[in-house]
Amino acid sequence: MRLKIGTLNCQNNTENRQNRNDRANLLASYILEKKYDILGTQELTMRFTRKVDKYLKEFNFYGDYQYGRGIIGKYFPLIKTFNQGNQIITHMPVESTRTRTLPWIPYSFKELWRALKKPSLERRIVTRIEIETEKQRIYILNTHLDYYTPSVQKRQLNYLLKKIKKYRNYASVVLMGDFNLQITDSLFLNFMKELEKLDIVRVPVNEKTNASRYREEGAIDHIFIPKNFKVISCGTISMEELSNITDHKAVYVEVDI
């Protein structure tokens with residue numbers, strides 16, 4: 001069985017939230033054109049999600065949002081405007097789904113103050129779906145990590161690792177998202193080594209995936225797959241092709257399982 005899996009940061013900006021120039025149609029057309037089976041997204045807001053969903057009749061969106069769907073939006077409408085999720089978009093039947101909160105508040109007052117001034121302090125989440133193929137059960141995890149505070153990044157990676165170790169008792173695991181870390185960062189190197197012990201490997205896409213104005217020289221968006229998945233093709237899709245919907249390149253992999 002062949003699957004095409006991707007990850008894409010959709011950029012939570014005014015143009016997308018207001019769907020200027022029908023950007024929802026552009027994103028939906030991109031998903032259909034590239035023939036994704038599973039696409040993990042980051043920064044997809046509630047409002048933009050509803051617009052995109054109208055164009056993707058055979059796909060479903062899975063996952064909650066950073067600040068949920070209920071009481072916070074009711075009493076704080078501004079948060080509702082910016083509320084974003086790590087939606088997983090797929091046409092495949094999904095057995096179950098869950099969104100969990102990652103550690104996101106620094107322990108020390110000094111780090112908390114720096115994060116507030118940046119500002120980088122925001123609730124971070126990971127979305128999981130469960131699918132059944134003819135061959136096996138697969139858990140798909142999609143996330144978006146903190147970009148500023150190393151101690152928080154470390155706790156988030158440790159949380160993911162703990163969950164993956166548990167999930168591997170029941171299913172194969174695919175992990176993807178915007179990690180805000182390169183493969184040269186020591187935190188991420190250690191995380192990759194721990195995943196390799198679990199026979200989960202990173203798809204070898206190394207070119208820079210965020211905009212040139214950022215300091216990173218390599219990829220910060222990554223996909224991890226079980227070692228026994230056979231990679232048919234992998235790579236990035238340019239920002240130009242995504243018609244300014246995002247300041248990231250999409251990362252994709254096509255696999256046989």
Task: Whether F179 and F191 hold their rings parallel, tilted or perpendicular, with breakpoints at 30° and 60° - done: tilted
Open item on the list: Measuring only between side-chain heavy atoms, which start at C-beta, is M176 closer than 4.5 Å to I140?
Closed with: yes
TODO: Could you tell me whether the side chain of T41 and the main chain of Q87 form a donor-acceptor pair under 3.5 Å?
DONE: yes
TODO: For atom CZ of R98, decide whether the heavy atoms of other residues, nucleotides or ligands shown that lie under 6.0 angstrom number more than 12.
DONE: no
TODO: Please find out if less than 6.0 Å separates the ring center of F188 from that of H222.
DONE: yes
Task: Reported CG-to-NZ distance for the pair L145 and K154, which is rounded to 0.5 angstrom - done: 14.5 Å
- [ ] Look only at the side chain of R168 and the backbone of L198, and say whether a donor-acceptor pair between them is shorter than 3.5 Å.
- [x] yes
Open item on the list: Can a side-chain donor-acceptor contact be found between T99 and D64 if the only test is distance below 3.5 angstrom?
Closed with: no
TODO: State whether the side chain of K208 and the backbone N or O of Y214 hold a donor-acceptor pair below 3.5 Å, judged by distance alone.
DONE: yes
Open item on the list: A cation-pi test, strictly: NZ or CZ of R128 under 6.0 Å from the centre of the six-membered ring of Y139 and no more than 45 degrees from its axis. Yes or no?
Closed with: yes
Task: E207 side-chain N/O to T236 backbone N/O, donor-acceptor pair under 3.5 Å - done: no
- [ ] Say whether E216 and N210, considering side chains only, have a donor N or O and an acceptor N or O under 3.5 Å apart.
- [x] yes
Task: Cluster link I129 to I164, ILVMFWY, side chain under 4.5 Å - done: no
Open item on the list: Donor-acceptor check, side chain of D221 to backbone of V251, threshold 3.5 angstrom: yes or no?
Closed with: no
Task: Spatial distance of atom CZ (F59) from atom CG (D53) [nearest 0.5 Å] - done: 11.5 Å
Task: Shared hydrophobic cluster for Y167 and I125 (ILVMFWY, side-chain gaps under 4.5 Å) - done: no
- [ ] For the residue pair Y252 and S233, establish whether any side-chain heavy-atom pair is separated by less than 4.5 Å.
- [x] yes
TODO: Working to the nearest 0.5 Å, report the span between CD1 of I225 and OG of S172.
DONE: 11.0 Å
TODO: State plainly whether the residues R213 and D247 are in salt-bridge range, i.e. N to O under 4.0 Å.
DONE: yes
Open item on the list: Name the residue from R114, E111, Q153 that meets the side-chain hydrogen bond (donor to acceptor under 3.5 Å, both in side chains) definition with Y148.
Closed with: R114
Open item on the list: Just verifying a value: how many Å separate F82 CZ and M46 CE, rounded to the nearest 0.5 Å?
Closed with: 14.5 Å
Task: Full working for side chain to side chain donor-acceptor pair (under 3.5 Å) between N86 and H144 - done: CA-CA 7 Å; N86 299 330; H144 188 185; 4.7 Å; no
Open item on the list: Under a 3.5 Å distance rule, please check whether T127 uses its side chain to pair with a backbone N or O of G63 as donor and acceptor.
Closed with: no
Task: Residues which pass ring-ring contact (aromatic ring centres under 6.0 Å, His included) with Y147, listed by chain and number, not counting sequence neighbours - done: none
Open item on the list: Assigning hydrophobic clusters by single linkage (Ile, Leu, Val, Met, Phe, Trp, Tyr; side-chain heavy-atom cutoff under 4.5 Å), is V203 placed with L189?
Closed with: no
Open item on the list: Looking only at side-chain N and O atoms, does N83 offer a donor or acceptor that is under 3.5 Å from a partner on Q66?
Closed with: no
Open item on the list: Between P106 and L121, is there a side-chain heavy-atom distance shorter than 4.5 Å?
Closed with: yes
Task: Full working for salt bridge (Lys or Arg N to Asp or Glu O under 4.0 Å) between E122 and R124 - done: CA-CA 6 Å; E122 59 182 280; R124 299 286 181 169; 3.6 Å; yes
Open item on the list: Quiz question: by atom type and distance under 3.5 Å, do the side chains of E217 and Q182 form a donor-acceptor pair?
Closed with: no
- [ ] Consider only side-chain N and O atoms of T49 and Y65, and report whether a donor and an acceptor are under 3.5 Å apart.
- [x] yes
- [ ] Please test E254 against K4 for salt bridge (Lys or Arg N to Asp or Glu O under 4.0 Å), starting from the C-alpha separation and ending with a verdict.
- [x] CA-CA 4 Å; E254 196 168 4; K4 187 169 185 179; 5.6 Å; no
Task: Donor-acceptor under 3.5 Å (Q84 side chain, T45 main chain) - done: no
Task: Residue pair F224 / V201, side-chain heavy-atom distance below 4.5 Å - done: no
TODO: Would you kindly check if the NZ (Lys) or CZ (Arg) of R137 is within the cone defined by 45 degrees around the ring axis of Y170 and under 6.0 Å from the six-membered ring centre?
DONE: no
- [ ] Return yes if a side-chain donor-acceptor contact under 3.5 Å exists between T246 and Q11, otherwise no.
- [x] no
- [ ] Starting at OG1 of T7, measure out to NZ of K249 and round the result to the nearest 0.5 Å.
- [x] 15.0 Å
Open item on the list: Tell me whether K34 at atom NZ has more than 12 heavy atoms from other residues, nucleotides or ligands lying less than 6.0 Å away.
Closed with: yes
Open item on the list: Taking the six-membered ring for Trp, are Y30 and Y36 closer than 6.0 Å centroid to centroid?
Closed with: yes
Task: N/O donor-acceptor pair under 3.5 Å between K35 side chain and L32 backbone - done: no
Open item on the list: Between N13 and E43, does the side chain to side chain donor-acceptor pair (under 3.5 Å) criterion hold? Intermediate values first, please.
Closed with: CA-CA 9 Å; N13 60 22; E43 299 193 25; over 6 Å; no
Open item on the list: A side-chain contact here means heavy atoms from C-beta on lying under 4.5 Å apart; do V174 and P226 qualify?
Closed with: yes
Open item on the list: Quick one: does any side-chain atom of N16 pair with a main-chain N or O of I245 as donor and acceptor, under 3.5 Å?
Closed with: yes
- [ ] For the pair T133 (side chain) and K135 (backbone), establish whether a donor and an acceptor sit closer than 3.5 Å, ignoring hydrogens and angles.
- [x] yes
Task: Path from Y55 to I89 over hydrophobic side-chain contacts below 4.5 Å - done: no
Task: Validation row: V52, F61 side chains within 4.5 angstrom (heavy atoms) - done: yes
Task: Within-4.5 Å side-chain heavy-atom neighbours: L27 and L8 - done: yes
Task: Heavy atoms of other groups near R47 CZ, more than 12 under 6.0 Å - done: no
- [ ] Would you indicate whether the side-chain heavy atoms of H91 and D37 approach each other to under 4.5 Å?
- [x] yes
